[in-house]
Number of protein chains: 4
Amino acid sequence: MQIDLNCDMGEGYGRYVLGNDEAVIPLVSSVNVACGFHASDPSTMRRTVKLAKEWNVAVGAHPSFPDRVGFGRREMSASPAEIRDDVIYQLGALLAFCKAEGVPLRHVKPHGALYNLAARDIEAATAIAAAVRSVDPSLYLVGLCGSAMVAAARETGLKFAPEAFADRGYRKDGRLVSRKEHGAVLDDPEVVAERVVRMVRDGEVITVDGTGIPIDPKTVCVHGDTPGVVALLRAIRSRLEREKIGVKSFSG
Amino acid sequence: MQIDLNCDMGEGYGRYVLGNDEAVIPLVSSVNVACGFHASDPSTMRRTVKLAKEWNVAVGAHPSFPDRVGFGRREMSASPAEIRDDVIYQLGALLAFCKAEGVPLRHVKPHGALYNLAARDIEAATAIAAAVRSVDPSLYLVGLCGSAMVAAARETGLKFAPEAFADRGYRKDGRLVSRKEHGAVLDDPEVVAERVVRMVRDGEVITVDGTGIPIDPKTVCVHGDTPGVVALLRAIRSRLEREKIGVKSFSG
Amino acid sequence: MQIDLNCDMGEGYGRYVLGNDEAVIPLVSSVNVACGFHASDPSTMRRTVKLAKEWNVAVGAHPSFPDRVGFGRREMSASPAEIRDDVIYQLGALLAFCKAEGVPLRHVKPHGALYNLAARDIEAATAIAAAVRSVDPSLYLVGLCGSAMVAAARETGLKFAPEAFADRGYRKDGRLVSRKEHGAVLDDPEVVAERVVRMVRDGEVITVDGTGIPIDPKTVCVHGDTPGVVALLRAIRSRLEREKIGVKSFSG
Amino acid sequence: MQIDLNCDMGEGYGRYVLGNDEAVIPLVSSVNVACGFHASDPSTMRRTVKLAKEWNVAVGAHPSFPDRVGFGRREMSASPAEIRDDVIYQLGALLAFCKAEGVPLRHVKPHGALYNLAARDIEAATAIAAAVRSVDPSLYLVGLCGSAMVAAARETGLKFAPEAFADRGYRKDGRLVSRKEHGAVLDDPEVVAERVVRMVRDGEVITVDGTGIPIDPKTVCVHGDTPGVVALLRAIRSRLEREKIGVKSFSG
């Protein structure tokens, strides 16, 4: 039994630093690398790919709407064609750094508002899947368990890695509790670790209403910018170890 | 005997149109496609690559300093590492559209102020050459005949295509007359066409001082944004035809 | 009896030209000047303000969502505070050019997707009105007749200039026919001119369904980027003249 | 006897934080507020102006070359007209937030590469001075003691506040030691504090060569992003107090 732990990475920009990539990367098996639209810049991308290579974690692209000041968290009424082309552009930019550093690119996971849109909107999800396929059909698409992205990946003929969130509350319909509502974020490392084990071992997550719903993630996301992320990741890993669940990239 | 005719292309941006790509592309054998830093955007890049595919012309990347409002024409004191990473980023972005459209990428030609800097500064030229090599060592680098880029390509182990300018005045030292000075731009189609033939057939160009200097281009650039570019290109092609000089991409 | 004719202006960017400001400006009484977020740049703004001064037309700011590649036509889920601050920023930038050229700033009209959002969303409309008021409470706000902007201006204590569109189809509820639907745009100069007269003289516009609805504009917008805009404006002015309706800025 | 202590402020961007404005602002008498070209965004500008109001420090604009990824530290070959218009734009944007918060704008100090260019290039310095004058002739221009900016301000008819750097090494010609060289930055708080006193009380600074040169600053800059800035400022203030030198904005 095994699971992938993923984290967004390389989200600095120019002089600006965000998160603590060096501390987080030893504890995850996959990273989603920002591509310059919501965060990052060419030199930050290179450094991040190098860091991933050093730690031998799987590298994925983390494309976004073009909204740096809003950190890609604001939905934009972009057309499917615009979304597709924006994803191709960002994917290619990261691919070039992977080539330059001799690191394979493994997956694509949309960022922020684009992720959320793709989770509920099949047109947007399909645009993203089509973009990925047109550049490299061997890449995995990563998206929310049970969302529109599952269907988009299947119809496009892409491999899909369903994702769960370690530290986020779930609703009965399988979607995440909005950050504006109570129960959106969990921060007790032991509670979060137990939750991850339950997802992976038992295929279940307890919703904010207290009922269990089925969930079957191939990868579990931990947010790199939450203050206690290192303690959280350590608790998760130690709990997984006790259960003899390996931590390994889904992409091989 | 043959020569390549190249033109910058895809330099629109969002709603903005620049040049007349549809009219120019039938008359050239290579195009340099803007990559989003001085001009273009993802959807414009896709359209431009598609157009190049339709006309079966060789596609190259046209990376720039990050200066959209200045159209990449303002020199910036960027470090060699920044230049290298900026070129990798842009190159990768275009490569992804080439893959998506099934078109090979053939060459890289820096744009505007970056071109001029690389012509005289071996550090900048080497940064560009290193960037290209790290992404795809089979690509050609395109740069000014007799400039620092020749040495940079040689030392990096890249193929190089020396370039001459059909409609620009030359100084005795082989550099271009500054656009601020008299004799910088030639606009009589017959004069320009004759000049191109002389460059290709005789390996010579007449400078603003009236003396001939040796020149040995593999590709001749015509600026797509000069008003009479279509007439200019027609004159050049008809003159080349009379001399039985073929027009064909240097990259094969 | 009189009416204001307004047109968006200064929507070039760097090397890029859009519209034909020199041909249009003699025919209007107010201009809405782009402020750098969807179009324009500092030097274009200066030129546009100078042009407005030359022709003695009333100058307004035309703030937008920050989306240059999408020309401000894509709605973004920005917060009211973000909208307010973005408007203050743009307004201030234009004000500085007005000061530098000795031209008064008269009004503010949101652009594109921000205009449409403000027409239906009172929170967005209020954020814009609050921004304007905080910078200069003597400015007019310009917005769609009968929209949420009317209430926002009233509650904020701003003067309001209700706007009608000369060349756009109207629905029975007073909103514009979407550009994706039939009847969205009218292009016959005589039809458009007649329509403007009816709006101004009779306070009525005929909807796509053929029924008349009341309308009471203080300003009528003509889009500067429609191909036949000069002919359209001439037809409107000549028709207004026949009716002895003066063309004059609402703000002055 | 008195002196102004100034610090750059509001240099975050979107989600990104830089420096520790809250800790620094109680210790200075003037702040230079970033205007969105090298750092900051509309909402950060508003917050920074509010903070300055709370602490009753003098507010200045801190305009830059348009280079966010390079933090305005890369020189660009912009024309004087471009520099002038870029400064007007940024100045106006900040002025609008000052109006919205009821805070007067007092001065303008160019940032980074633009500051350095203006220190040695009279054309650039004059472009900046002309920009400031055209927007508000009562503003102070802040620039390096003994630099080209002195002449530019005088010729333009602007008030000028010559600036010294508390923690930077000086050369015999009065310019700063380059950050690439030894002796560029001083970090011992007592040494720096003593140095400031010497500048203000004795009108002298000791260069890296050990000789004293005359200096007559109206304002002394401390960099907000140096790690020990708070300790540094405390040492300076306590040393100034002992000498009965007041800390007060030069602008009144």
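To find a chain, count down the sequence lines: A is the first, B the second, and so on, and within it residues start at 1.
Under a cut-off of 6.0 angstrom, the local environment of CZ in C:R175 is sparse, with at most 12 non-hydrogen atoms contributed by other residues, nucleotides or ligands.
In this structure, the portion of B:R73 lying under 4.5 Å from any heavy atom of chain C is its side chain and not its backbone. Heavy atoms of B:F71 lying under 4.5 Å from chain C belong exclusively to its side chain.
The interface of residues 22-39 of chain B with chain C, defined by heavy-atom distances below 4.5 Å, comprises B:H38, B:A39.
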* To do: May I have the step-by-step check of side chain to side chain contact (heavy atoms under 4.5 Å, CB included) for C:R15 and B:Y16, ending in yes or no?
  => CA-CA 10 Å; C:R15 269 199 74 183; B:Y16 298 108; over 6 Å; no
